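In this text the structure is predicted, and so the values were computed from the model without any measurement. Start at 1 and go down the list; that is how both ligands and their atoms are numbered.
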Amino acid sequence: MAAARTPSVPTAGKPLRESSVELVTDYLETPSLDDRSYRVVRLSNKLEVLLVHDPQTDKASAAMDVNVGAFSDEDDMPGMAHAVEHLLFMGTKKYPVENEYHQYLSAHSGTSNAYTASTSTNYHFEVSAKPSNDEEPSAANPSPLLGALDRFAQFFVEPLFLANTLDRELQAVDSENKKNLQSDQWRLHQLEKSMSNPKHPFCHFSTGSFETLKTIPESRGVNVRDKFIEFYEKHYSANLMKLCVLGREPLDVLESWVVDSFSVVRNKDLPLNVWPEEVPFTKEQLGVQCFAKPVMDSRELNLTFPFLDMELLYEVQPSRYLSHLIGHEGPGSIMAYIKSKGWANGLSAGAWPVCPGSPSMFDVQIRLTEEGLKNYKEVVKVLFQYIALLRETEPQEWIFDEMKGMADVDFKFKQKTQSYRFTSKISSVMQKPLPREWLLSGNSKLRKFDAKLIKESLDCLRPDNFKMTIVSRDVPGTWEKKEKWYGTEYTVEKIPADFMEELEEAAASSANERITNLHIPHKNQFIPTKLEVEKKEVKVPAPAPHIVRNDPLVRTWYKKDDTFWVPKANLIVSCKSPLVYATAENTVKSRLFTDLVRDALEEYSYDAELAGLQYSVSLDSRGLFIEVSGYNDKLPVLLEQVLITMRDLEVRTDRFTIIKERLTRAYRNWELQSPWTQIGDYTGWLTSEHDHVIDELEAELPAITAEAVSRFRKELLGQMHMELYVHGNLYKEDALKLTDMIESTLKPRVLPKVQWPIQRSLIFPPGSNYVWKKTLKDPANVNHCIEYWLYIGDKADHQIRAKTMLLDQIIHEPCFDQLRTKEQLGYIVYSGVRAGATTYGFRFIIQSEKTASYLETRIEAFLESMTKILETMSDTDFENNKRSLIVKRLEKPKHLDQETGRHWSQIHSEYYDFEAANKDVDQIKPLTKADMLEFFNHYVHPSSPARAKLAVYFVAQAKSDVTTKQISELVKTLQLDSVSSAQAATDLQARLSAAGHDEEKEIEGLTTYLLHELKVPENKIEAATEAWKGLHTQTGEANGVVKDAEPPTSNGTTATVIEDVRGFKAGLAASAGAKPAKDLSEYEELDAKL
Ligand SMILES: [Zn+2]
């Protein structure tokens, strides 16, 4: 332990610093509006720390980045670094209770997370920034940050790796891996790794599984816990750690706390991790084409070029010059050309670092159309022709200057992000060899134009220095190989000589041999030039916008920014029309219309996007939704073009075909997503009066023609009511002018008020008990899912809201601790408030290999145990929970967009309750434990006759879990001695569930294991595998398998399984529509003169 010390007091302008603490710098290059102060220090153990004093922040935070990751895993134990990240939280000598840290954070509005990357592991948390007396924190009156820091520090001082938590955490790692198994992003990334140089750590499988981290090492006689401790001892050292701490306390106070808690982190003076000996891709792994089969119906062409090591090139960042041009979508670009040929839906390009000492990678990723897939060779040739063009055109300083100018503007007006995002990000940046003064700006700013370095980096983009992957479910139709960890099917071969020759030709082509459409971009007209902000100090920012125009056609809300002072604005228009959701067919037509508008604007809007100006045309729950946001200078220019395109859009058959095909796949792919991301849509559908789920939309799409969309567009834009919000660095006159522009361009007829759409939710009477089931479409998905939803009441009732939110706050941590940590039901365990359009409810979501009905029994068992938790909760804990919730509810917006979003959600919901947070808090404050018990026992407790429940069950098609009983049957056939039997039973359980329910892989794994690990004689193997197959057919019948049982009936009601959704909805009453919190005239600030 560090000796206790008195907090340092500034004297003569210089902080009094412990002699052991070295001041690195107290000057950082910052955005112009940044009101924080910064200091970088190095402790006596060489731990480098960035201290941040933020006088305004709601949340304090800290992040520790440790310079070790999956690249340091031992070859025969993939996932070690990740497992250590999980186990590190499991108790420390000073705080031995395993969930002490999480409990502490949860009681102080906090949250935490961690991630493991290739060369670093990052741990972070955030917590309420003010002490419980709500006064400014100081050394004498510390915020909860002090306690959190001390708990956090212990992970790096003396973690226990508690033995009894080991299996559970490895199960958590295992379900994390299972969650990723069907994700193409993970699959394709691992495929790339698995095909790389086996001598470079890039080839590692980084997540790990129960098999790689326990079953296999234990079968070799390894004590895995010792291994993890050894890994920690070997790689965790203060000199390789970077800490970032942000709080409301003065820098001197933060510094003294850090010294107290972190000086004892051991310094082993380890060398920096660098990998200079091998490269990720040698000649052997380059010049290849790989065909990979995705889970989703997608088509991609991915090209990878080994590039320069960018670690020290932060001043020039030559890759950004190249990705700017290659990734451009404006006239003359690769994308504009291949799109005009009907070959591509998207293109992106950019470099990413692999690790210090190794070359980075430059990737070009193209999303192909059906035609594009047929012509993929042509697409690659276009790319190399463009590269030839770049080689011929010397690096252009004006292009660099344009990029540099925009990067400077973006950095200058950079707004704050959430505290823990900031600390987590910056602690990882601290691992880079940047001058410490540039820790905030180093990655954002471009500083030096260096033509030579740009040319050198362009030289990496050669046909003899790349590999490519063609991702498609149809081509080539057969895949010879299977990737080891994710089972991705693929084939790989050298690029055929004739194709390679064509690429060499393209790369060496002269101007007259190239496609004439290709040229470098023109000057960007969207670069903002007027960046002035008129700042008027206000005591208290206005809580609500005003109505500046209100007539039968349009209602415009407006607020001049009075908080953030950035030269930016947001404009949102909701074009309300009953047509959009009248039928599923209309919804699909509207969706196609918005897709076609965006498609038509792509080339034009790209420059705007580069210049920090974005737009969106989509659907909201009442009609069409238009948004333009960013630097306000050129905002009207972009808005006008968006409106003109909507009005004049010519629905061309060739584009329509491509867009429709893309939407067809998008619908199909949506159903292949993780179950937990789909389930909410069905709950929303079953609890609202009018809604369409994807199944309905998908059924309508095939019949819709280009003419139908064209006709529908006229109807849609012909009559509507518009509600607008203009917020930011604009004046009232600007808001009115923009409104006029919309009106005069679209010229819609007035939609009479009586026809404005009304949204209603369904009301579930006391005692309601429903189940709705759906079989998931993805045949390979092994995960079931449940959304367990309780109806509570009216969304506008602030009593109901306050109690439901407090319940959420109280339940959150014990729910996670029980259902995820202890029971290990699955990686996704979630509880929280779920609001409909007009009603309020509470839900649980669990994604698991266990069936939904089993999950429901576990949720109810947990809820039964909650009564006791509530009853025995100390008054301090109860008050802490209330405080924690209040702090969260009153959290101030951090940037302009966040404030716009909050206001817009009130406008769009039609409650116009801009002071909802304060009203909620007024209701939360007086709540007592007795109130909460009464509320819980009435609305939530499974035995309450008043409880109203809907459970949505998702049923996975893949086999359900292997049971212990099945395993022991199998082991019996092997006639082993009792010690081996016990070992075999544990190993097989993990091994077979790790196989991801792929029977071939299971049998293969089983055979290898029996033969090599258990040394079962070969003549018994066949009998054992046969027995295994036999057991499979009985799955679901054997003892111990949780069958698709009836839902629990603890309150005496039996669940009604919904078979007929219309009948079910017809049986329920619909709520009243939203009612404005105040008469809207109170917000009006109409001017006679326009
Ligand atoms: Zn993890």
Query raised in the report: If you look at His82, which of its N/O/S atoms is nearest to the Zn ion (ligand 1)?
Result: NE2
Query raised in the report: Where the Zn ion (ligand 1) is the centre, what is the OE2-to-NE2 angle for Glu176 and His86, rounded to 10°?
Result: 150°
Query raised in the report: Is Glu823 salt-bridged to Lys850, cutoff N-O under 4.0 Å?
Result: no
Please output the side-chain donor-acceptor pairs of residues 825-832 that fall under 3.5 Å, not counting sequence neighbours, one pair per line with the distance.
none

Query raised in the report: Does Asp150 come within less than 4.0 Å of Lys94, counting only side-chain N to carboxylate O?
Result: yes
Query raised in the report: Is the shortest distance from a Lys or Arg side-chain nitrogen in Arg151 or Glu100 to a carboxylate oxygen in the other one below 4.0 Å?
Result: yes
Query raised in the report: Does any N, O or S atom in Glu85 come within less than 2.8 Å of the Zn ion (ligand 1)?
Result: no
